[in-house]
Amino acid sequence: MGRFLVTGGAGYVGSHLVLALLDRGDEVVVYDNLRQGHRGAVPPGTRLVEADIADMAGLDAVLADGPWEAVFHFAALSLVGESMQRPFYYLAENAGLGIGLIDACVRHGVTKFVLSSTANLFGNPQRIPIDEDERIEPGSPYGESKLMLERALYWAGEIHGLRSACLRYFNAAGADPQGRLGEDHNPETHLIPLVIDAALGRRQEIAVFGQDYPTPDGTCIRDYIHVADLANAHLRALGQLEARSVTYNLGNGAGHSVREVIRTVEQVSGLSVPVRIAGRRAGDPAVLVAGSGRLRSETGWSPHYAELPVIVEHALKWRDAHPDGYGSK
Ligand code: UDP
């Protein structure tokens, strides 16, 4: 049993990782400013430090209260589109503050660090599925900010011996299979929760961002990975840090088009989804599918919830039970 600090632990992916740690008996402290995170996503009995990673005194105080088995860093801005509007905001917040956190971890003797990174490092992939040898060319300032953190961690390893795992997520989706946690963004921009809301009549329709892509049905293809499988992959990667630093691309390895997602939500819910065809969204590559072979072969990880209908079923169940997200009583 270890003790872990999780920045952004009240957010979507972070909270599912916290649950995975608690489920195996670890102790967790969540550090979150609750700008995007939710108090209701922090399990009862888990300490929440409501503070920003910009608050160096706050960070120092928490880190001094060690020892920490590892620090998981999820706290970040995460919208590709917004980063195209506000590049320096993204670089300063994600890269600037993240580097401050890495520095603080080194000063406080932390030896293991797990970074929430992104498939947006691959803005123009040459080969699908995308493995770790793919050329890195960030698709946006958001992706660039994560690359800067990956590089900072490289130097933290070279110079200070900090071991790190850089985990490049593809499309996190679904909810805790036991229904304890789910997805609640404000504003919501992700496909699956938006399609679910359209099915449940909470939105008028789903806008399909382009159906003229070079894919079989003309809509974009993404790799949707169950958030519980993603959380589990963090634990596998953590195990690798006993010996060395690692970098993994993290997805299911199968692609689904926007049309397929809509069809699956209709099948699972038994409801119909009103669809409107809209223009392409800036910065969307046609196909993003992960090659997670390295993670599988090195750690033995494989997804438990690989099927899209199962991912949608869990997301739907949570959304149905929590119409106002964590605001629901
Ligand atoms: N998408 C869409 N309509 C929406 C939201 C998303 O057609 O209202 C598409 C989007 O263009 C992309 C896919 O759904 O091809 C997944 O988008 P999401 O924002 O969920 O994740 P991203 O791939 O951008 O990380």
Side-chain angles (χ1 to χ4, degrees), residues 11-13 36 74 76-85 90 94 116-125 128-130 138-147 167-175 182-227 230 249-266 273-290 308 311-312 314-316 318-319:
Y12 176 43
V13 182
Q36 277 294 326
F74 294 89
L77 304 170
S78 64
L79 300 178
V80 168
E82 185 185 42
S83 82
M84 296 295 280
Q85 310 291 324
Y90 265 67
N94 283 4
S116 163
S117 187
T118 176
N120 196 254
L121 296 193
F122 312 109
N124 185 21
I128 302 288
I130 301 169
S140 70
Y142 166 67
E144 189 75 45
S145 70
K146 295 289 186 171
L147 176 59
L167 305 180
R168 294 140 171 193
Y169 311 158
F170 283 62
N171 291 59
E183 183 166 14
D184 181 10
H185 292 110
N186 185 20
E188 188 54 76
T189 62
H190 296 106
L191 182 66
I192 290 179
L194 289 177
V195 175
I196 286 173
D197 275 3
L200 294 174
R202 293 208 193 98
R203 301 179 68 85
Q204 231 180 345
E205 60 191 16
I206 182 75
V208 172
F209 296 151
Q211 61 172 358
D212 56 350
Y213 285 96
T215 60
D217 67 16
T219 64
C220 286
I221 292 176
R222 294 287 180 274
D223 182 332
Y224 298 91
I225 174 168
H226 195 293
V227 67
L230 199 51
N249 290 359
L250 249 176
N252 255 332
H256 296 284
S257 73
V258 174
R259 283 280 186 197
E260 275 179 78
V261 169
I262 294 170
R263 218 169 30 244
T264 305
V265 170
E266 290 186 322
V273 175
V275 169
R276 174 172 61 87
I277 305 304
R280 288 185 178 196
R281 186 173 68 176
D284 270 344
V287 182
L288 286 178
V289 176
L308 187 61
I311 295 174
V312 165
H314 292 168
L316 180 67
W318 194 81
R319 198 71 192 150

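Counting convention: from 1, in listed order, for ligands and their atoms alike.
- Between the side chain of Asp223 and the backbone N or O of Gly253, at least one donor-acceptor pair lies under 3.5 Å.
- The closest donor-acceptor contact from the side chain of Glu205 to the backbone of Ala198 lies at 3.5 Å or more, if one exists at all.
- Residue Asp284 holds the heavy atom nearest to atom 11 (O) of ligand 1 of all those in Ile221, Asp284, Ile277, Thr219.
- Asn94 places no side-chain N or O within 3.5 Å of a backbone atom of Ala76 that could act as its donor or acceptor partner.
- Proximity to Leu194 (heavy-atom distance under 4.0 Å) selects the following atoms of ligand 1: 8 (O).
- Only side-chain heavy atoms of Ile206 come within less than 4.0 Å of ligand 1; its backbone N, CA, C and O stay farther off.
- Those atoms of ligand 1 that come under 4.0 Å of a heavy atom in Val258, given as number and element, are 7 (O), 9 (C), 14 (O).
- Residue Val208 approaches ligand 1 through these ligand atoms, each under 4.0 Å from one of its heavy atoms: 7 (O).
- With no hydrogens or angles considered, a side-chain donor-acceptor pair links Gln211 and Arg259 at under 3.5 Å.
- Listed for the Asn249 side chain is a donor-acceptor partner under 3.5 Å among the backbone atoms of Ile130.
- The minimum heavy-atom distance between Gly143 and Thr118, with the atom names listed, is CA-CG2, 4.1 Å.
- The protein atom (non-hydrogen) at minimum distance from atom 20 (O) of ligand 1 is Leu191 N, 2.8 Å.
- At the top of the distance list for atom 4 (C) of ligand 1, counting protein heavy atoms only, stands Phe209 CE1, 3.3 Å.
- At distances below 3.5 Å, not a single donor-acceptor pair connects side-chain atoms of Tyr224 with backbone N or O atoms of Asn252.
- Ranked by closest heavy atom to atom 23 (O) of ligand 1, the top entry among His190, Glu188, Arg259, Arg222 is Arg222.
- At a heavy-atom cutoff of 4.0 Å, ligand 1 is contacted by the backbone of Ala207 but not by its side chain.
- Heavy-atom contacts of Thr189 reach the following atoms of ligand 1: 5 (C), 19 (O) (cutoff under 4.0 Å).
- When all heavy atoms are compared, the tightest approach of Leu77 to Tyr142 is O-CE1, 3.2 Å.
- When non-hydrogen atoms are compared, ligand 1 lies under 4.0 Å from the side chain of Arg281 (C-beta onward) but not from its backbone.
- Shortest contact from atom 15 (O) of ligand 1 to any protein heavy atom: Cys220 CB, 3.0 Å.
- When heavy-atom distances to ligand 1 are checked against a 4.0 Å cut-off, Tyr224 comes that close only through its side chain, counted from C-beta outward.
- Taking each heavy atom of Gly174 and Tyr12 in turn, the nearest pair found is O-OH, 2.7 Å.
- Protein heavy atom closest to atom 22 (P) of ligand 1, with residue, atom name and distance, is Asn171 ND2, 3.4 Å.
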